[in-house]
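By convention in this document, chain letters (A, B, ...) are assigned in the order of the sequence lines, proteins followed by strands, and residues within each chain are numbered from 1.
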Amino acid sequence: MAPPKTAITPTRAEDFPEWYQQVVRAADMAENSETRGCMVIKPWGYALWENIQSQLDARFKETGHQNAYFPLLIPLSFLEKEAEHAEGFATECAVVTHHRLEPEKDPETGKTRLVPTGRLTEPYVIRPTSETIIGAAFSRWVESYRDLPLLINQWANVMRWEMRPRLFLRTSEFLWQEGHTAHETQEEAIEETRMIHQLYEDFLRDHLAIPVVAGEKTEAERFPGAEMTLTVEVMVQDKKAIQAGTSHYLGQNFAKAQDITFAGRDGNEEHVHTTSWGVSTRLIGTLIMAHADDDGLVLPPRLAPHHVVIIPVTPKEETREAVIESCHALAETLRREQNYAGDPIRVHVDERDLGGGVRKWEWVKKGVPIRLEIGPRDIESRKVCLQRRIEPANAKEFMDRESFIRNAPEILADIHRKLLDRLTKFRDANITPCNALPNFAEHWSHAVAGWLLTPWAGSREQEEELSKEHKITIRCLPNDLQDGRDATCIVTGKPTMCRALWGRAY
RNA sequence: CGGGGAGUAGCUCAGCUUGGUAGAGCGCCGGCUUUGGGAGCCGGAAGUCGCAGGUUCGAAUCCUGUCUCCCCGACCA
């Protein structure tokens, strides 16, 4: 049977959502579990998360944050404290109501079942986010302006009982980091929110090779309880938007609800200003939808668990040992002598006793940036057969072994640049200014539609009406796409300098 | 919560209308041949057909109940 033309069926063009699922499966990153809406993250997917985690964590530490850990279970009453927040999360909370199980024999079947007993006097909510329980700790920890700012981050799992789960993009349980900070003044808190916003933008660009549109959410799209929500929005290959990271200025809303006060410089009691911000395992879904192709995952080099996979080609038994030995020697040299983005080159030698094609395609589907095939002929000529994931799967380049060792970091850097460049061009080509309502409506009648940038002075109600009608949202009021000139708002007809970016979203 | 669909081998599914020994492909295990290309041939293991009840000599198949999952809406990092 002839092998399929692409490693993934269907292709992106044929059925994008199904393609996505197949990429996850082909790369062996995760699978659905027996627990509704929850996924099992497999080693290849988790290794990616670990790289995201350690690289982001380093940036948080550099900017003065410390990690801590708070309980998974939140007393129900805590969630009730901030009204908007309570309302925002009420419909998606899993609740713990009992604390023991009693074996009980079913009189009909004779089987023993475990029945929850021991009802809790106050139920617990499995955290959908931790503002409230961290706020409670902050109220104990903060006494004086000298205790501020308080800069805390936690790496944790959270649970939101989603109606429509999708691996990595939307699961009932997901992994994330949530930063929570408290500040003496509004200015400081807003500065923190903006700094993290910028940090997320930089991180996506420099580590995931993903360009974003950074901006502010409208009131309708804001985090429940926030005064201001900043977001980084990613356009993925079907031109939909993914909200990849948000940072919120919470004002004094939570401080007042939770009594987080301090003695100010003038001796008066004041409420702190808080922020919160997070990115999640959704980044992995974003990365797939942004970079993967019809042959599977394509990893940005900084996050790839292996930068280079060496596939020893051993057609003859008598040269087998020498080939494998030579591959390991090359791997050692690369690890010892070269760095990429501050880390030693991560090299893996795949010496499994499988056909060359089988191994090659496995690493293609897993998205490894560089594959090297090395056989007896290459050893003799001191060359490597170099294949880059961003090139077609059958593209080969023979390079001197020494010059590969010397150039490996630059090849990885080049791959990163090309990924970023490709996606930047795609994004820019699919953001269109739109100044009139009829054009606006026509645009959204297409199944696949890029984003529209419109002059905007509408109300929350007008925004929600348009959103509902076209199944779109204002992704953000972009920071950098404001031209500073007056134009006519598409719904109100009023002159406005504000530009809103609309799109369909995941 | 509304509207559709499906539960049979590890995975994807056929079989059910018309009741009569449990099937295929992929994967897995073993052997041989291959190994610069996702290989071939031969052999093998694997399922109380979601669960409970009913009809029947006999139920994956018919009937009743029940649970779960998937898809389309509403919610959403």
Same-atom distance (C1') from B:rA45 to B:rC62, integer angstrom: 34 Å
Of all residues at least two apart in sequence or in a different chain, which pass the ring-ring contact (aromatic ring centres under 6.0 Å, His included) check with A:Phe174? A:Trp176
Taking the P atom of each, how far is B:rC70 from B:rG25, in whole Å? 29 Å
For A:Trp502 together with A:Trp444, are the ring centres under 6.0 Å from each other? no
Can a cation-pi geometry be assigned to A:Lys42 and A:Tyr46, taking NZ or CZ under 6.0 Å from the six-membered ring centre and within 45° of the ring axis? no
Is the shortest side-chain N to carboxylate O distance from A:Lys366 to A:Glu362 below 4.0 Å? no
Look at A:Glu173 together with A:Arg160 and state whether they make a salt bridge at an N to O cut-off of under 4.0 Å. no
Remember a base hit wins even if backbone is also touched, and classify A:Arg25 as base, sugar-phosphate or nothing at under 4.0 Å, heavy atoms. sugar-phosphate
Kindly indicate whether the side chain of A:Met289, heavy atoms from C-beta on, has any atom under 4.5 Å from the side chain of A:Gln237. no
Nearest-Å distance once atom P is located in both B:rA9 and B:rU34: 38 Å
For A:Phe398, is the NZ or CZ atom of A:Lys383 found under 6.0 angstrom from the centre of its six-membered ring and inside 45 degrees of the ring axis? no
Using a 4.0 Å cut-off on protein heavy atoms (strictly under), produce a 5'-to-3' string for nucleotides 24-36 of chain B with B for base contact, S for backbone-only sugar-phosphate contact, and - for none. ------------B
Does a salt bridge link A:Lys360 with A:Glu373, judged by any charged N lying under 4.0 Å from a carboxylate O? no
Sequence neighbours excluded - ring pair (Phe, Tyr, Trp, His ring centres under 6.0 Å) pairs with any residue from residues 212-242 of chain A: A:His85-A:Phe223, A:Phe89-A:Phe223, A:Phe223-A:His248
B:rA22 versus B:rA60 - spacing of their P atoms, nearest Å: 8 Å
Salt-bridged, A:Arg12 to A:Asp294, with N to O below 4.0 Å? yes
Can you check the distance between B:rC42 and B:rG50, where both ends of the measurement are the P atom (answer in whole Å)? 33 Å
Among all residues two or more places apart in sequence or in another chain, which pass the ring-ring contact (aromatic ring centres under 6.0 Å, His included) test with A:His348? A:His306, A:Trp363
Considering only atom P, compute the distance from B:rU61 to B:rG19 and round it to an integer number of Å. 12 Å
Expressed in angstrom and rounded to an integer, what is the separation of A:Glu31 atom CD from B:rU12 atom C1'? 15 Å
With B for base contact, S for sugar-phosphate-only contact and - for none (protein heavy atoms under 4.0 Å), nucleotides 67-77 of chain B reads --S--BBBBBB
Extract the stems that RNA chain B is part of, considering only consecutive pairing runs of at least three Watson-Crick or G-U wobble pairs, both distances under 3.5 Å. B:1-7 with B:67-73, B:10-13 with B:23-26, B:28-33 with B:39-44, B:50-54 with B:62-66
Roughly how far apart, to the nearest Å, are B:rG58 and B:rG53 at atom P? 15 Å
Write down the distance separating the C1' atoms in B:rA6 and B:rC13, rounded off to the nearest Å. 12 Å
